[in-house]
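Here the structure comes first, spelled out in structure tokens, and everything after it is commentary.
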Amino acid sequence: LVDFGIEWAIVGHSERRASPATGYGVMANESSELVAQKTAYGISKGLNVIACIGETLEEREAGRTLEVCKEQLAPICAALSEDDWDKVILAYEP
């Protein structure tokens, strides 16, 4: 991507995180750990990364928004160095 002048990648979109059981979008069932790995990999290859976090409607209605966002963010925090954060934007995508 970098060779083609692309500077940004989006990871963790809700349609990639959703499981087949939800009936949403692509439904790749990507874990927060995989999203963290993709984030770190993109940065290591020279990309800036937009990392999406956010709860489902059901999780929001259950009052779990902050809990879910923290759970999704924790692996990203663990995978990145302090300097890496200059290349990351967090997108809240409920």
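FYI, side chains are in, hydrogens and waters are out, and symmetry mates aren't considered; it's all heavy atoms of this structure. Residue numbers count from 1 along this sequence.
Taking all atoms of both residues into account, the shortest heavy-atom contact from Thr65 to Glu55 is OG1-OE2, 3.2 Å. When all heavy atoms of Ile53 and Cys69 are compared, the closest pair comes out as CD1-CB, 4.0 Å. Contact record, Ala79 with Ala40: O-CB, 4.0 Å, taken as the closest heavy-atom pair. Here the closest non-hydrogen pair linking Glu93 and Gly12 is OE1-O, 4.3 Å.
Between Lys87 and Trp8 there is no side-chain heavy-atom pair separated by less than 4.5 Å. Between Cys52 and Ile10, the closest side-chain pair of non-hydrogen atoms falls below 4.5 Å.
The hydrophobic side chain of Leu66 is isolated, with no ILVMFWY side chain under 4.5 Å apart from it.
Remark: of the listed residues Lys38, Gln37, His13, Lys38 is the sole one forming a side-chain hydrogen bond (donor to acceptor under 3.5 Å, both in side chains) with Glu30.
With sequence neighbours excluded, the residues satisfying side chain to side chain contact (heavy atoms under 4.5 Å, CB included) with Glu71 are Arg64, Glu67.
The distance from the CG atom of Asp84 to the SG atom of Cys77 is 11.5 Å, given to the nearest 0.5 Å. Atom CD of Glu61 is separated from atom OG1 of Thr56 by 8.5 Å, given to the nearest 0.5 angstrom.
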Validation: residues 41-50 side-chain donor-acceptor distances under 3.5 Å, sequence neighbours left out:
from  : atom 1 : to    : atom 2 : distance (Å)
Ser44 : OG     : Tyr41 : O      : 2.7
Asn48 : ND2    : Glu7  : O      : 3.3

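Linking ILVMFWY side-chain heavy atoms closer than 4.5 Å, directly or via other members, places Leu73 and Val11 in a single hydrophobic cluster. A continuous path of ILVMFWY side-chain contacts below 4.5 Å connects Trp85 to Val35, so both sit in one hydrophobic cluster.
No side-chain donor from either of Gln72 and Ser32 sits under 3.5 Å from a side-chain acceptor of the other.
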